[in-house]
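Atoms considered below: every heavy atom in the structure, side chains included; atoms not considered: hydrogens, waters and symmetry mates. Letters A, B, ... mirror the listed sequences (proteins, then strands); counts begin at 1.
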Number of protein chains: 2
Amino acid sequence: MKIGELAKRSGLSAHTIRYYERIGLLPHADRDQSGQRDYDASILIWIEFLDRLKTTGMPIREMLRYAALRERGVGTEAERSALLEQHRERVRAHVVELQTCLLVLDTKIAGYAGKDQRMKDYDAPIPQRRKPAGARQAGAR
Amino acid sequence: MKIGELAKRSGLSAHTIRYYERIGLLPHADRDQSGQRDYDASILIWIEFLDRLKTTGMPIREMLRYAALRERGVGTEAERSALLEQHRERVRAHVVELQTCLLVLDTKIAGYAGKDQRMKDYDAPIPQRRKPAGARQAGAR
DNA sequence: TCTTGATTTAGAGTGCACTCTAAGTTGTAG
DNA sequence: CTACAACTTAGAGTGCACTCTAAATCAAGA
């Protein structure tokens with residue numbers, strides 16, 4: 001498989017694939033007689049895993065740590081496992097945080113939904129300066 | 001409250017607060033006689049909300065859209081609500097994605113845990129080329 | 001009053017993760 | 001054989017969200 005094909009299949013751009021190889025996230029690809037990269041389909045599994053790490057917010061330098069351990073192979077399992085476990089905890093914590101934020105969003109949106117004219121500006125309810133009816137300029141600030 | 005105090009209370013740096021004001025995420029702060037920013041505690045609520053948006057991955061340009069609607073005040077509720085609802089869906093989808101990734105991580109970590117010497121390199125199990133016992137170089141690739 | 005720390009501005013610099021460009025080589029359909 | 005698309009490299013450029021610098025002014029305690 002050449003780089004264009006791998007790009008299509010992996011969802012990464014060819015540029016990004018070369019970049020990942022350059023920095024060490026992807027192993028140096030074998031080249032054919034003319035110097036073009038020739039990939040084995042098995043690389044897709046690794047790319048997919050990298051994608052999971054990326055999706056969950058792992059910075060590239062940490063993926064590099066993992067990738068380096070993986071390249072070293074046998075004897076690095078404990079360290080790789082520890083790295084993933086640490087990451088898992090961070091992701092779990094982040095999910096919890098997101099769920100809290102979702103509740104806040106729900107509340108906020110519900111506030112807008114209860115808008116049968118009762119509320120003017122839910123974000124910044126101004127201290128009602130008692131004045132007849134000509135309340136223009138809700139003074140959001 | 002001066003900017004340093006607000007920085008402490010909000011968790012943003014004074015630099016960031018000024019930056020947010022410059023780009024319009026925070027309203028132009030009132031100044032005291034000597035030109036220094038003087039904040040009302042109510043700004044903390046807005047900053048906290050911005051923080052939620054940031055945590056949930058909203059890009060600044062979209063926060064700016066929301067902030068601008070908020071400044072316009074009355075009459076922009078529907079648009080603000082729509083914006084938040086759209087964002088909420090994205091966040092929900094992202095949480096689902098993260099949970100899928102967590103399952104993958106769990107599996108991966110479980111693989112490392114079942115390491116009573118049975119497995120050498122779980123990442124890249126090499127096609128076992130039958131050879132007596134001297135299996136060095138797990139050839140992760 | 002002196003000094004130290006906080007604040008002001010405009011604008012430059014940083015780190016991350018790509019993303020693209022240029023100039024050249026290779027592969028393939030017509 | 002001729003196009004033309006896909007590939008190669010080194011290196012420059014981009015977008016985002018800050019983060020810091022310089023030089024000046026301001027505030028508050030010894």
Fill in the blank from the handout: Rounded to whole Å, CD1 of A:I3 lies from P of D:dA5 at a distance of 19 Å
Exercise for the section: Examine C:dG27: is either OP1 or OP2 under 4.0 Å from a nitrogen or oxygen in the side chain of A:K2? Give yes or no. Expected result: no
Problem - Pair A:E62 + A:R90, salt bridge at N-O below 4.0 Å - result: yes
Completion exercise
Between B:C101 and A:T55 the two heavy atoms that sit nearest each other are SG-CG2, 4.0 Å
Handout entry: Euclidean distance, atom CG of residue B:D38 to atom P of D:dC26 [Å, nearest integer]
Key = 16 Å
Exercise for the section: Round to the nearest Å and state the distance from B:I60 atom CD1 to D:dA17 atom P. Expected result: 5 Å
Practice task
Quick one: which residue pairs count as a side-chain hydrogen bond (donor to acceptor under 3.5 Å, both in side chains) with a foot in residues 14-27 of chain A, not counting sequence neighbours?
Solution key: A:S13-A:T16, A:E21-A:H28, A:E21-A:R31, A:E21-A:R37
Handout entry: Worked verdict on A:Y66 versus A:R80 for side-chain hydrogen bond (donor to acceptor under 3.5 Å, both in side chains)
Key = CA-CA 6 Å; A:Y66 186 84; A:R80 277 184 271 169; 4.9 Å; no
Exercise for the section: Return no unless some side-chain N or O of A:Q33 is found under 4.0 Å from OP1 or OP2 of C:dG27. Expected result: yes
Fill in the blank from the handout: When rounded to whole Å, the CE to C1' distance for the pair A:M58 and C:dC16 reads 16 Å
Handout entry: Residues A:R88, B:D106: salt bridge by 4.0 Å N-O rule
Key = yes
Handout entry: Under-4.0 Å side-chain N/O to phosphate OP1/OP2 contact, B:R37 with C:dT9
Key = yes
Exercise for the section: For A:L25 and C:dA17, give me the distance from atom CG to atom C1', rounded to whole Å. Expected result: 11 Å
Fill in the blank from the handout: Within residues 16-23 of chain B, the residues having a heavy atom closer than 4.0 Å to DNA chain D are B:T16, B:Y19, B:Y20, B:R22
Exercise for the section: Using the side-chain hydrogen bond (donor to acceptor under 3.5 Å, both in side chains) rule, take B:R72 and B:T76 through it: C-alpha gap first, then chi angles, then the decisive distance, then the call. Expected result: CA-CA 7 Å; B:R72 270 175 48 202; B:T76 62; 5.9 Å; no
Problem - Distance test, side-chain N/O of A:S34 to OP1/OP2 of C:dG27, below 4.0 Å - result: yes
Handout entry: Beyond-backbone contact of B:T56 with A:L102, side-chain heavy atoms, under 4.5 angstrom
Key = no
Practice task
Return the value, rounded to whole Å, for the distance between atom CD of A:Q36 and atom P of D:dA5.
Solution key: 16 Å
Problem - Protein-nucleotide distance (A:E62, atom CD; C:dG15, atom P), rounded to Å - result: 19 Å
Exercise for the section: Check the distance between C:dT25's C1' and A:R31's CZ and give it to me in whole angstrom. Expected result: 14 Å
